[in-house]
There are 2 protein chains.
Amino acid sequence: MNDLEVRQLRYFVAVAEELHFGRAAARLGMAQPPLSRTIRDLERQLGVTLFERTTRQVKLTGAGEVLLRDARTALEAITAAAHRARHAGSTSPRLRIAIKADIDGGLLPQILDAYGTDPAALPTELVLGGLGDQPKALRDGLADVALVLRPMDDRGLDSESLITEPVLVAMAATDPLAARTELRLADLAGRSLPSGAPADGGRAVPRRPGVTRPASNLSEIFSLVETGSIVFFAPASVARRNPRPGVAYRPVSDLPNCTLAIVWPQDARSPAVAAFVRVACTIAATRRTQAEPQMQSTTA
Amino acid sequence: MNDLEVRQLRYFVAVAEELHFGRAAARLGMAQPPLSRTIRDLERQLGVTLFERTTRQVKLTGAGEVLLRDARTALEAITAAAHRARHAGSTSPRLRIAIKADIDGGLLPQILDAYGTDPAALPTELVLGGLGDQPKALRDGLADVALVLRPMDDRGLDSESLITEPVLVAMAATDPLAARTELRLADLAGRSLPSGAPADGGRAVPRRPGVTRPASNLSEIFSLVETGSIVFFAPASVARRNPRPGVAYRPVSDLPNCTLAIVWPQDARSPAVAAFVRVACTIAATRRTQAEPQMQSTTA
DNA sequence: GCGATTGATACCCTGGGGATATGAATGACC
DNA sequence: GGTCATTCATATCCCCAGGGTATCAATCGC
């Protein structure tokens with residue numbers, strides 16, 4: 001009945017991911033025997049076998065899969081505890097806002113301005129990138145609030161939708177398809193997508209290796225788009241803010257709209273976070289009411 | 001940058017709860033000096049002071065409060081991982097349903113019957129009590145799904161409302177207030193509530209010590225109600241199923257309705273859980289449509 | 001059947017977590 | 001204000017658990 005410890009979970013996750021004791025040990029920077037022993041002890045302790053192992057292959061049992069999932073979230077919770085405590089103890093508390101560059105729909109400047117006047121406000125700090133996984137940055141305690149595109153993995157998080165907009169496809173202006181005014185997903189079947197994490201709202205689009213090195217920022221992606229190497233899905237606001245001569249944006253009729261949402265850890269109690277969320281929702285609401293006539297005049 | 005370990009968090013939580021190193025050490029079954037040293041090391045490791053301590057008093061700093069909250073959820077996640085893995089490895093997998101006795105609104109038998117016929121169903125097992133905190137039982141991995149009254153602490157959990165019903169107050173038939181047909185909360189100001197965890201849907205009602213020993217089950221509570229020692233709030237279905245000569249149920253006009261909800265861990269992926277939720281929602285829906293005419297005929 | 005690969009076992013050794021003894025600071029009380 | 005009790009911190013020792021090296025054993029490819 002002794003409880004699990006972080007070391008055991010870390011080791012278990014490593015083995016579960018590598019499915020190979022030697023490689024897992026290498027990744028952990030240790031020798032293989034103590035790793036094997038730790039896993040064995042873990043299994044004894046839980047009274048459960050986690051891996052079916054022969055000398056030639058290692059694979060997870062059902063219980064192992066359950067533990068893998070839970071172990072990951074538990075480890076996230078632990079690292080989040082450390083990060084948040086560290087941050088809370090720092091002499092200059094700040095509100096850390098995680099965004100993926102350029103997906104904020106142009107809302108962020110207004111939000112920041114308005115937030116600055118709020119009595120509960122803290123100085124803000126933008127957390128860029130964060131491995132492209134803002135929800136994880138929140139779960140790991142590296143940020144206090146995030147702007148992300150739905151759908152996303154919202155386990156442990158609360159969120160509020162801000163604005164919804166259509167998704168356009170960006171393609172080379174010279175692409176034959178660019179001659180058409182409207183496309184369907186099927187038309188794009190042959191085109192490759194960025195091999196990095198694309199700013200497409202996390203939508204699960206079939207992806208195939210088109211470029212060797214993952215492109216991580218919009219400029220890289222756009223240069224690939226211009227050369228016709230790839231196509232790329234972007235929310236309308238991103239398209240509007242990135243007009244480029246060689247790039248054509250076209251609506252895709254059967255692609256659902258994407259939604260920009262503000263997200264924060266479910267158990268956040270900080271008034272600074274609450275104030276930021278409130279401000280963001282207000283700004284988005286005014287934007288929405290303004291946007292409708294604008295949209296019409298733009299499309300007209 | 002070494003990561004936190006469970007031992008450190010356990011110790012920290014103990015000290016944070018006791019606000020006294022000696023007592024915390026006793027609770028942990030260890031001597032005080034190593035505890036002090038562990039906390040000191042933890043603070044060094046995080047680069048944050050967690051307690052303001054003099055020889056006469058210990059109190060949490062801001063960072064300490066942040067860590068306390070996060071540490072609790074992290075520890076819950078760890079114990080949940082252990083429990084779920086143990087359960088998943090057991091030879092007879094079961095769906096563990098956490099309920100507080102008698103608050104299921106009479107739905108449970110039907111749900112269990114219908115669930116039994118579902119192809120994805122597992123044998124079921126009722127987890128009673130669970131310290132009266134079903135959400136915690138879910139978070140700790142002691143149950144797979146729960147029936148609880150809203151509002152409740154839903155951090156990390158998903159839920160679906162089943163039925164909503166009014167809350168009645170149960171009082172001694174001899175109570176002068178029982179002569180009235182309808183009451184307001186203010187009328188009950190002088191009455192005491194059960195000192196145990198009351199089945200009032202977790203509503204934060206002011207409570208004062210009326211009885212020495214906490215009453216944990218309905219029969220105990222009802223005998224106290226009959227003697228006029230306490231009053232007690234119960235959903236209408238509980239009242240309907242517990243008619244007792246010495247007890248009068250009266251509506252309370254300014255008490256909001258309570259909602260029975262089905263709850264499960266947010267990251268549950270088990271088809272058995274999904275099937276149970278689906279079945280429960282269906283049963284509740286049919287009950288709702290049946291109930292409305294019934295309710296009218298009952299009140300008429 | 002032989003060698004290569006890979007997980008398990010045997011054994012040693014060091015560091016860290018725990019205990020005891022003691023110091024130091026604060027508040028209570030006369 | 002001096003004394004005592006309380007309580008957290010420091011000093012020191014000890015032991016075991018976690019890690020390393022060497023080796024075995026089993027499986028697969030040829």
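A note on names: the letters A, B, ... follow the listed sequences, proteins ahead of strands, and every chain is numbered from 1.
In this structure, the CD1 atom of A/Ile39 is 12 Å from the P atom of C/dG7, given to the nearest Å. C/dA8 atom C1' lies 12 Å from atom CD of A/Glu43, rounded to whole Å. Atom NE2 of B/His20 is separated from atom P of C/dG27 by 14 Å (rounded to the nearest Å). What separates CZ of A/Arg23 from P of C/dT5 is a distance of 13 Å, to the nearest Å. Taking atom CD of residue A/Gln32 and atom C1' of nucleotide C/dA8, one finds them 7 Å apart after rounding to whole Å. Atoms CD (A/Glu52) and P (C/dG7) sit 14 Å apart, rounded to a whole Å. Here the P atom of nucleotide D/dA26 and the CZ atom of A/Phe21 are 17 Å apart, to the nearest Å. Nucleotide C/dA8 holds its P atom 11 Å from the CZ atom of A/Arg44, rounded to whole Å.
Positionally, the nearest nucleotide of DNA chain D for A/Met30 lies more toward the 5' end than for the other of A/Thr54 and A/Met30. In this structure, A/Asp41 and B/Ser36 both approach DNA chain D, and ranking their closest nucleotides by distance from the 5' end singles out B/Ser36. Nearest-nucleotide positions on DNA chain C for A/Arg37 and A/Leu19 put A/Leu19 closer to the 5' end.
Ring orientation note: the planes of B/Phe51 and B/Phe12 are tilted relative to one another, at an angle of 30° to 60°.
Among the atoms of the strands shown, only primed sugar atoms or phosphate atoms (P, OP1, OP2) are found under 4.0 Å from some heavy atom of B/Arg40. Using a 4.0 Å heavy-atom distance criterion, A/Thr55 is classed as a base contact. Using a 4.0 Å heavy-atom criterion, one finds that B/Gln57 contacts no nucleic acid atom at all. If you check every strand for non-hydrogen atoms under 4.0 Å, A/Tyr11 touches sugar and phosphate atoms only.
Contact annotation: side chain of A/Arg56 to base of C/dG7, donor-acceptor pair absent below 3.5 Å. With hydrogens and angles ignored, no donor-acceptor pair under 3.5 angstrom links the side chain of A/Arg7 to the base of D/dG18.
The distance from atom CG of A/Asp41 to atom CZ of A/Arg37, rounded to the nearest 0.5 Å, is 7.0 Å. Summarising the geometry, atom CZ belonging to A/Arg84 is positioned 8.0 Å from atom CG belonging to A/Asp144; distances are rounded to the nearest 0.5 Å.
For A/Glu5, the listed nucleotide lying nearest its side chain is D/dG18; candidates were C/dA25, C/dA19, D/dG18. With distances taken from any side-chain atom of A/Arg53 to the nucleotides C/dA8, D/dC8, D/dG19, the minimum falls on C/dA8. Checked against D/dG19, D/dT21, C/dG18, the side chain of A/Pro33 finds its nearest nucleotide in D/dT21.
Inspection of the A/Gln8 and A/Gln45 side chains reveals an N or O donor paired with an N or O acceptor under 3.5 Å.
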- [ ] Assess whether side chain to side chain donor-acceptor pair (under 3.5 Å) is satisfied between A/Ser159 and A/Asp154, documenting all intermediate values.
- [x] CA-CA 8 Å; A/Ser159 61; A/Asp154 64 353; 5.2 Å; no
